[in-house]
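Here's the structure we're looking at; comments come further down.
The first residue of the sequence shown is numbered 1, and numbering continues consecutively from there. Small disclaimer: the values here were computed from a predicted structure and weren't measured.
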Amino acid sequence: MSSAEQFVRTEYPVIDSDPHFTRVVSYMRGADLAAWGGLTASGPAIMLALERIRPAAGPKGINFALGVATAMGFMGGFLFSYQKSSLRFWGWEENAREQAKNRVEMDARAAAGLPAYGEPTMDEAAQATAARNSKYAAVKFSAIPWFNTTNHKYHVSDTTAKSEN
């Protein structure tokens, strides 16, 4: 099955069906970063609140638990923010800001003579496998966190918005 056959119809234009990790992180909005920070802080805050209600350990016993809660909040907050940013790339959520930023980025890459999605460093079969494994992977974060860290040519994007301009 080709990438074109896997296109999902969405309310908003699709920017990239398999965005690279660095693009997803760099396109995060302030609200995504605030959610990441809030989820990071919520882990130890909940631990401290529960410790005040019913102490489980002495003052030194809670330190390790606070560290673990902070790390879990940090990772969970990152995955949540990454997923929200990915949903905008896929056109599943409002993405006007990302469309404008993508248009500027792609125009700059085209003017410089660079490939739109980076220079592939793998053979054709490995690129296809990497694309199949990472496409829409942010939906499956509950099973395994998987990111697109490779450059390949298997990207589906909505070109209608670009052709109207």
Side-chain angles (χ1 to χ4, degrees), residues 1-46 69-122 126-165:
M1 186 182 321
S2 72
S3 295
E5 294 171 4
Q6 297 176 18
F7 186 74
V8 178
R9 296 194 192 285
T10 61
E11 185 176 346
Y12 303 101
V14 176
I15 297 170
D16 189 350
S17 64
D18 191 19
H20 194 276
F21 177 85
T22 55
R23 288 189 76 201
V24 174
V25 173
S26 67
Y27 279 52
M28 282 185 186
R29 294 180 178 181
D32 298 333
L33 299 176
W36 184 2
L39 288 168
T40 299
S42 69
I46 292 170
T70 303
M72 294 294 287
F74 182 83
M75 290 183 282
F78 172 75
L79 292 176
F80 177 79
S81 299
Y82 188 94
Q83 186 177 50
K84 292 291 282 182
S85 184
S86 294
L87 293 177
R88 289 190 292 272
F89 269 100
W90 302 334
W92 294 8
E93 290 188 0
E94 183 277 319
N95 60 5
R97 177 184 170 270
E98 287 76 11
Q99 289 177 53
K101 190 172 181 178
N102 180 62
R103 193 170 296 117
V104 169
E105 181 182 349
M106 290 299 143
D107 289 346
R109 291 187 69 81
L114 299 171
Y117 298 106
E119 191 66 43
T121 57
M122 300 182 294
Q127 287 180 49
T129 302
R132 284 191 303 271
N133 288 338
S134 63
K135 189 172 289 189
Y136 301 113
V139 175
K140 300 172 275 193
F141 276 166
S142 59
I144 183 170
W146 194 280
F147 310 100
N148 175 21
T149 57
T150 62
N151 294 325
H152 57 77
K153 65 179 184 176
Y154 300 100
H155 296 267
V156 177
S157 62
D158 188 2
T159 56
T160 57
K162 294 172 188 165
S163 63
E164 290 173 0
N165 293 331

Nearest atoms (heavy-atom pairs only) where P44 meets A69: N-CB, 3.9 Å

Going by atom types only, do N102 and R23 share a side-chain donor-acceptor pair under 3.5 Å? yes

Is the gap between the ring centers of F89 and Y12 under 6.0 Å? no

Rounding to 0.5 Å, atoms CD (E98) and CG (D16) come to a distance of 12.5 Å

Take Y136 and W146 through the test side chain to side chain contact (heavy atoms under 4.5 Å, CB included) and record every step on the way to the result. CA-CA 9 Å; Y136 301 113; W146 194 280; over 6 Å; no

May I ask you to check whether F74 and W36 place their ring centers less than 6.0 Å from one another? yes

Report the C-alpha distance between R103 and D107 in whole Å, list the side-chain angles of each, state the deciding distance to 0.1 Å, and finish with yes or no for side chain to side chain contact (heavy atoms under 4.5 Å, CB included). CA-CA 6 Å; R103 193 170 296 117; D107 289 346; 3.9 Å; yes

In short, D18 meets A130 closest at the heavy-atom pair OD2-O, 4.5 Å

Steps toward side chain to side chain contact (heavy atoms under 4.5 Å, CB included) verdict (W92, V139): CA-CA 11 Å; W92 294 8; V139 175; 3.7 Å; yes

Go through the steps to decide whether F78 and T40 satisfy the test side chain to side chain contact (heavy atoms under 4.5 Å, CB included), and finish with yes or no. CA-CA 9 Å; F78 172 75; T40 299; over 6 Å; no

Nearest non-hydrogen partners of N95 and P13, listed with the distance: ND2-O, 2.7 Å

Decide if atom CE of M28 counts as having more than 12 heavy atoms of other residues, nucleotides or ligands within a radius under 6.0 Å. yes

Tell me if the centroids of the rings in Y82 and F21 come within less than 6.0 Å of each other. yes

For a quick test of reading the model, state the closest non-hydrogen atom pair linking S26 to K101 and the distance between them. O-NZ, 2.9 Å

Can you tell me how far CD of Q99 sits from CD of E94, rounded to the nearest 0.5 angstrom? 8.0 Å

Heavy-atom side-chain proximity of R88 to S85 below 4.5 angstrom: yes

Rounded to the nearest 0.5 Å, what separation is found between the CD1 atom of I144 and the NZ atom of K140? 10.0 Å

Salt bridge or not for R29 and E93, using N-O below 4.0 Å? no

Taking all heavy atoms of T150 and all of H20, pick out the closest pair and write down the distance. O-CD2, 3.6 Å

What's the shortest heavy-atom distance between W90 and A137, and which atoms? CZ2-N, 4.4 Å

